[in-house]
Structures are given as C-alpha cells and as structure tokens.
Amino acid sequence: MLLRAMWRHSVRLRGAKRLYVGFSTAARTRSCCGTPGKTWVRPSGFDTGVKTYNSLTKQKEPLILAREGVATWYSCGPTVYDHAHLGHACSYVRFDILQRILSRMFGVTVIHAMVITDIDDKIIKRSWEENVSSAFLSRMYEDEFKKDMLSLKVIPPAVYLRVTENVHHIVAFIEGIIRNGHAYATKEGDVYFDIQSIGDRYGRFVGAVESQGETGSSNKCDPRDFALWKPSKPQEPYWESPWGRGRPGWHIECSTVASRVFGRQLDIHSGGIDLAFPHHENEIAQSEAYHQCGQWANYFLHSGHLHLKGSTEKMSKSLKNYITIKDFLQSYSANEFRMFCLLAKYRSAIDYSDSSMAEARTCLETISNFIHAVQAYVTGQLQCSPVQEEVLWERLAETKSSTLKALADDFDTPRAVSALMNLVYHGNRQLQPVSTCGGAAHSSAVFGAIVTYIRDVLDVFGVDLLHSQDAGALGHGGNLHAVVEQLTRFRSEVRAFALTRQEDSSKKPALYPDRIPLLKACDTLRTDLAPLGVLIKDRGATSTWEIKERHLERNKNQEESS
C-alpha cells in the first residue's frame, strides 16, 4: 500500500526530478486539535477579557491564552540591509503599545521573541555594492535598528535570534517537513514545500489562492510551492546541508525560530499587513506540516501600512519614499510619534504628514499644559473659583471605565485617547483663573487623582511626558529649573508691582503711568524666553512656567551641528 501510494504521488509529480518523494495521506489529515481544513478553533485556556481582530477569522475574537497570565508572542524582525524607516517604526511602536496594554491593563506577561534576518538576497547584493562582508553589513544595520527602537522607547523582546546562528536548526526543521511528506528536493539542490500535500488548508489570508507564488526553479511541482532551502550561487555565503551547500528560504526562518522558543503552540503572531501573504501564509503551512497540528498560531495580528499623505503606496525602501527614524527624530520626539500612532487604530493604514504630526503634538501639549495648570493650582500659584469636585470625581470614574472598555475592544487607542482628552477638557473648565479667590478651599485631591490617572495611562502607552521633560531640562545644565523658578518669581513680583492701581475715590482705579514700562518689559521677557523653550503663562495676578522638551532638544542639535 505504501509503495502504491508513493507511485501514484510520483506520477502526479512526474517531471519534477525529485531526489525525495514522500507523501502520507494520514499526515495530510492529521491534526493536533482534530479539525483539518481552514476552520479556526477557539483555544481553551485563560480569557484575558480582551477581544482582538484575528486575521485568521477576519473578525474580533476573545483573546484566550494557553497559560493563565502569560502570552507567547512572536513577531517578524527586520531584514538588516539598510536604515530602518518610519514604516518599520510604525509597526513596531504599535505592537509595543499593544504589548504594554496587555501587560499593564490586563495583567498579562508577554514573552516576546523576534528573529533578525541577517542573510538574504538584499543583504548579499548590498554587501557586494559596499564591498564588505554580508556579516559585517547585517551586524551594522542590526545595531542601528536596535538603537532606533530604544530611541522610540520600544521595549526589546525577551530574545532576539539571528538566522545565521540558527541554520542548523532550520536544516533539521526542513528535514522534519520532508519526513512528514510535505516537501521535496530537486537535484539542483532546492527544497520546496509541497502545497498540494496540504490540500485546501492553504489560503488562510486574502489573495493566497489567486497568487502565483514566488519565482524559483522551473522544477517546482506547483507554481505556489515555495523555497525552504536554495543552493548558493558562486561567491554567496553558504551552509552545508543534506541537499548541498546553500542557505534558508525566507519563510522557514520564522517557523524554526518560533518553534525553538515556544514549541508547537503559539498564542500570538504579529507583523505588518504586507507580510500576511505570502510570508505568514507560508509560515502557517510549514509549521503545521512540521508539528502535524491543525492550528499552530491561535491569533495573527496585522498592523496597517504607513503612507506619506497623498500617496496610496506604503512607505518602503524599494520605492525610495521613506524617512529614516534618525532623520525623523531631528524634528519630532518619540512621545510625539507614539501619540501619532495612538490616534489611529493599529490595524488601519495611517497617513504621515506635518499636519498629522502637528495634531499629535497638540494633544501632548494640551495634556502637558493641563498638568502644569493643576500643579500651579495645587501650589497656590493659580487662583480659581470654587471647583465642582463631585462633577470631576464622576468624570474621572467615567473616563476610567470608558478607557478600559476601549482598550479591551481590539486595543482601541483612539477612543481611549479621546476619553483622556475629554477628561482634560472638563478639568480645564474648572481651572479658570480669577484675580481673587475669596479664600475658597483648594480641591487638590480630585485634581491630584486626575493627573495621576493621566500619567499612568500615558505611561502604559509608553509616553513619559513629565519625566522626559525633567530629564531633558536637567541634562542641559542641571540647575535650569531652579534658575527659571527664580527668574519667574522675580518677574512676578515686578509685574505685581506694575499692576498695582492708584487708589483715587474720584476716579476709576488705574495703573501708575510710570510703572507701565515695567509691565511691557515683563511681556517682552516672556516673549523672548518662549523660543528658548521656557513658556511663562500669566494667570490673573500670578504666573506659572514650564520647559518644553523639544525646544531644548532642537537647541542641543543645533549646538552639536555647529
């Protein structure tokens, strides 16, 4: 029976010039969950309380983890042959935000692994152009990528793994797929995955069935078959294998590395939407063929493309329409880029432009201004009318509830940010300055609770607004805050003296004419300090100040360049 089955299979694939022919009908239908085909099976285990859009089902599903309080998460890393750009940054920052939300808001420990593709056709080509080794080139851009991620405050994965350090594991993984009857080798030294061996299980993602697959040897049995191993050409890097000297295909590296770290079952797999097909499609096929299971990864999360406004094309190196992360950070901060990402759903395409970045900057400035106003109010620098405390306590409770609901609904950060901004709006309405307060009691507790909550949520998102400003100011002289405090206090005393009105019962109180120049001098000082990043705000008879981080960074960069 076995010989007959092998003969029938060889007839179907006649002309393929195989060195290995193996196919098992039992292997094709066997499933670890008992459900062959493309039907998604809801996992059993720990319900996080989050619903997330699963690309496998094209709808929101409850996020259920195999182990309580722990999520295994694999993501495709960069191919390190060039500078990382904002398109990469957008995807990695978005998923960093999702992981932070899972961890901080829903108590899930995320175990994240990422592969670094450090051998690839593009790397080899660029190394030849630069007249350096592929190993030197890839390590240089890998180091740059990691620095870029740190500058964007992306939490590093638990482990980075390089393809070149796992080739022997990749070879063993390919051998396992061949043993299970789902791959074949040609006499030219190629090894291909056999799409027909898995029947209708191929095609989980849109476009898979219609695609003609990747190019390669004319000896493929099906145009959709994809390379697991390919022979190296002269002067290319190579590794020894049972099929001759060569190197791994693109897709096999992710399946091997993810399986090394997490075994035969993975909770979450993430990447840009452009990777859904063929990369993730092929990962699923070869992983389930190797592990002989029906559902290797339970959830696939895909982020939308980043477009330059007015363009329908994604930002990419091949199109030469990209902005490097380093260049971007000359004009904007990591906090501003995070807010830019937060203002759109992670699954949606997002337009990058000066206006969209200005919107993100305005949001952060609005929050920062509110926090500084609260600090001025609590310390007695800002005099206000009596505050409606119960209204603010109710608004705070509503915001907490609506924010949590938004984040549990497929990580809806735009709705969560909107709830925060609404809370800031109602807080600001209660902080209208007056010349005299009539001895009204301060409502410090409710404003303290609001500011603490806003800080906490921003920290969950990776936006550390106040600490970054403090660190920036201290890094530019150490005593800058103390100097500005003394300067502002002196200006406030001069301004208060200049605003003193004449007491004349026969006339309406007016300013002393000889003090008006002092008042103008105070206004001039406030205007002159603003471009330097020191913003003084006159609130009735008192004044408050703050230091803007981006002004300090810009001045620092200008000094370094000069």
### Task
Begin with the C-alpha distance, continue with both residues' side-chain angles, and end with the deciding distance and a verdict on salt bridge (charged side-chain N to carboxylate O under 4.0 Å, His left out) for Lys153 and Asp96.
CA-CA 9 Å; Lys153 303 180 183 178; Asp96 178 72; over 6 Å; no
### OG1-CE distance between Thr362 and Met357, expressed to the nearest 0.5 angstrom
10.5 Å
## Note on the structure
Between Thr413 and the options Thr403, Leu98, Ile101, the side chain to side chain contact (heavy atoms under 4.5 Å, CB included) test singles out Ile101
### Task
Can you tell me which residue pairs pass the salt bridge (charged side-chain N to carboxylate O under 4.0 Å, His left out) test with a partner in residues 60-74, sequence neighbours excluded?
Lys60-Asp409
### Message
Please determine whether the number of non-hydrogen atoms from other residues, nucleotides or ligands lying under 6.0 Å from atom NZ of Lys51 exceeds 12.
### Response
no
### Glu359 and Leu343, any side-chain heavy atoms less than 4.5 Å apart
yes
### Query
Is Phe411 close to Ile97 at the side-chain level, that is, under 4.5 Å between some pair of heavy atoms?
no
### Task
Check whether the ring centres of Phe447 and Tyr377 lie less than 6.0 Å apart, and answer yes or no.
yes
#### Entry: Presence of salt bridge, Asp523 and Arg495, under 4.0 angstrom
no
### Message
Between Asp148 and Lys326, does any side-chain N to carboxylate O distance fall below 4.0 Å?
### Response
no
### Query
Only one of Phe277, Phe95, Phe205, Tyr53 forms a ring-ring contact (aromatic ring centres under 6.0 Å, His included) with His302, so which one is it?
Phe205
### Summary
NE2 of His305 to OG of Ser91, rounded to nearest 0.5 Å, is 9.5 Å
### Query
According to the interplanar angle, ranging from 0 to 90°, do the rings of His88 and Tyr92 count as parallel (below 30°), tilted (30 to 60°) or perpendicular (above 60°)?
tilted
### Query
Can you list the residues that meet the side-chain hydrogen bond (donor to acceptor under 3.5 Å, both in side chains) rule with Ser44, with sequence neighbours excluded?
none
### Message
Rounded to the nearest 0.5 Å, what separates atom CG in Asn298 from atom CG in Leu65?
### Response
9.0 Å
### Message
For Arg264, is there an ion pair with Glu288 - N to carboxylate O distance below 4.0 angstrom?
### Response
no
### Side chains of Met149 and Leu152 in contact at under 4.5 Å (non-hydrogen atoms)
yes
### Message
If you define the side chain from C-beta out and look only at heavy atoms, does anything of Asp351 sit under 4.5 Å from Ser353?
### Response
no
### Task
May I ask you to check whether Tyr141 and His83 place their ring centres under 6.0 Å from each other?
yes
### Message
Within the 4.5 Å heavy-atom criterion, are Arg338 and Phe461 side-chain neighbours or not?
### Response
no
### Query
Is any side-chain heavy atom of Arg361 closer than 4.5 Å to a side-chain heavy atom of Glu365?
yes
## Note on the structure
Residues passing the ring-ring contact (aromatic ring centres under 6.0 Å, His included) test with Tyr346, sequence neighbours excluded, are none
#### Entry: Close side-chain approach of Lys146 and Tyr160, heavy atoms under 4.5 Å
yes
### Task
Measure centre to centre between the rings of Tyr332 and Phe337, then say whether the value is under 6.0 Å.
no
### Query
Considering only heavy atoms from C-beta outward, does the side chain of Phe340 approach that of Tyr352 to under 4.5 Å?
yes
